[in-house]
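See below for the structure under consideration.
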Amino acid sequence: MSIISIENLTKCYKTKKALSDVSLQINEGELFGLLGVNGAGKTTLIKILCLLSKKTSGSVVINGFDIERDAEKIKEIIAVSPQETAIANNLTVKENLEFFANIYSKNNSEIINELINDFDLSSVLSQKAKTLSGGYKRRLSIAVAIISKPKILFLDEPTLGLDVFSRRELWQIIKKLQKSTTIILTSHYLEEIENLCQRVAILSKGKLVKVGSIQEIKEATGANTFEDAFIKLLSEGENE
Ligand code: ATP
């Protein structure tokens, strides 16, 4: 069953068309990837779905709610972990968790302990966020994003700039999160998309080029690897 239904979505910034007639269904419980080169429209799409930017035309329905008419209801069920981490730098890790837990008035100690455990944060609890390594900053940023127990979580380039070990540790955390949340993530790392996502949408210059599982996309393009399939699809777009 689709939890996000996008029909003919278009977004223009003045004269720039960042999204053009995009139609896409994302299923409940899916870990769904958005892929494309710089400027393809991934962040624009995420911003619209997170209510941070307004569409120009088309329709978006999230969990049965219209993105414009029912924006307040949608806000209650989504969370976003943006590219630039959304944590309070001068607070410690524990204080960050407490601060965000208080905003959502959740059973603080229970949820905080759960997050410390799931995100393996116990060794850095008393460290100020600004002194954390990139990997721990991302973990904390995702941890505070899910304090509200969202039905849908958006992760914009969750492992950008992380070393291979931190990246793989974060993949394990993201895989665990999928058990309770639909996740939509953007990434430039094809390996990451292959490892994590059940299905992926490839965008190029604001247009949807392909949607499907990694296997389906490889088969449709006749490519042996996902990277070859990706390059082939984008090169075909260039020639149109
Ligand atoms: P990246 O991988 O570099 O983050 P992206 O796929 O997320 O790229 P977007 O950031 O969505 O791409 O940008 C899509 C297009 O819209 C680009 O051409 C970009 O320059 C343009 N764009 C994005 N935001 C704005 C804005 N606020 N005003 C004008 N143009 C914008």
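Both ligands and their constituent atoms are indexed starting at 1 by order of listing.
- Of the heavy atoms in Lys42, both backbone and side-chain atoms come closer than 4.0 Å to ligand 1.
- A salt bridge does not link Lys73 with Glu76: every distance from a Lys NZ or Arg NE/NH1/NH2 to an Asp or Glu carboxylate oxygen is 4.0 Å or more.
- Side-chain atoms of Lys11 come within 3.5 Å of backbone atoms of Lys54 as a donor-acceptor pair (strictly under, hydrogens ignored).
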Exercise. Mind running side-chain hydrogen bond (donor to acceptor under 3.5 Å, both in side chains) on Asp156 and Thr186 for me, showing each step along the way?
Key: CA-CA 5 Å; Asp156 200 4; Thr186 72; 2.5 Å; yes
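- Annotation: atom 16 (O) of ligand 1 to nearest protein heavy atom, Ala18 CB, 3.4 Å.
- The nearest protein heavy atom to atom 19 (C) of ligand 1 is not closer than 4.0 Å.
- Taking any N or O of Ala40, backbone or side chain, at least one lies under 3.5 Å from an N or O belonging to ligand 1.
- Atoms of ligand 1 found under 4.0 Å from any heavy atom of His188 (numbered from 1 in listed order, with element): 2 (O).
- In the vicinity of Thr44, heavy-atom distances shorter than 4.0 Å reach the ligand 1 atoms 9 (P), 11 (O), 13 (O), 14 (C).
- Near Asn38, meaning under 4.0 Å from any of its heavy atoms, are these atoms of ligand 1: 1 (P), 2 (O), 3 (O), 8 (O).
- For ligand 1, the polar-atom distance check against Gly41 finds a nitrogen or oxygen pair separated by under 3.5 Å.
- Going from atom NZ of Lys42 over to atom CG of Leu19 covers 11.0 Å, rounded to the nearest 0.5 Å.
- Residues Ile193 and Ile231 are members of separate hydrophobic clusters, defined by side-chain heavy-atom contacts under 4.5 angstrom among Ile, Leu, Val, Met, Phe, Trp and Tyr.
- Salt bridge annotation for Glu216-Arg199: absent, with no cationic side-chain nitrogen under 4.0 angstrom from a carboxylate oxygen.
- Across every non-hydrogen atom of His188 and Gly36, the tightest pair is CE1-O, 3.4 Å.
- Under a 4.0 Å N-O distance rule, the pair Glu157/Arg138 does not qualify as a salt bridge.
- Residue Thr43 approaches ligand 1 through these ligand atoms, each under 4.0 Å from one of its heavy atoms: 4 (O), 5 (P), 7 (O), 10 (O), 11 (O).
- The presence of a protein heavy atom under 4.0 Å from atom 8 (O) of ligand 1 is confirmed.
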Practice problem: Start with the C-alpha gap between Val22 and Asn8, add the side-chain angles, then the distance that decides, and say whether side chain to side chain contact (heavy atoms under 4.5 Å, CB included) holds. | Solution: CA-CA 5 Å; Val22 170; Asn8 307 109; over 6 Å; no
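- Nearest protein heavy-atom neighbour of atom 14 (C) of ligand 1: Gly39 O, 3.4 Å.
- Contact atoms of ligand 1 toward Val37: 6 (O) (distance under 4.0 Å to a heavy atom of the residue).
- The protein atom (non-hydrogen) at minimum distance from atom 26 (C) of ligand 1 is Tyr13 CD2, 3.5 Å.
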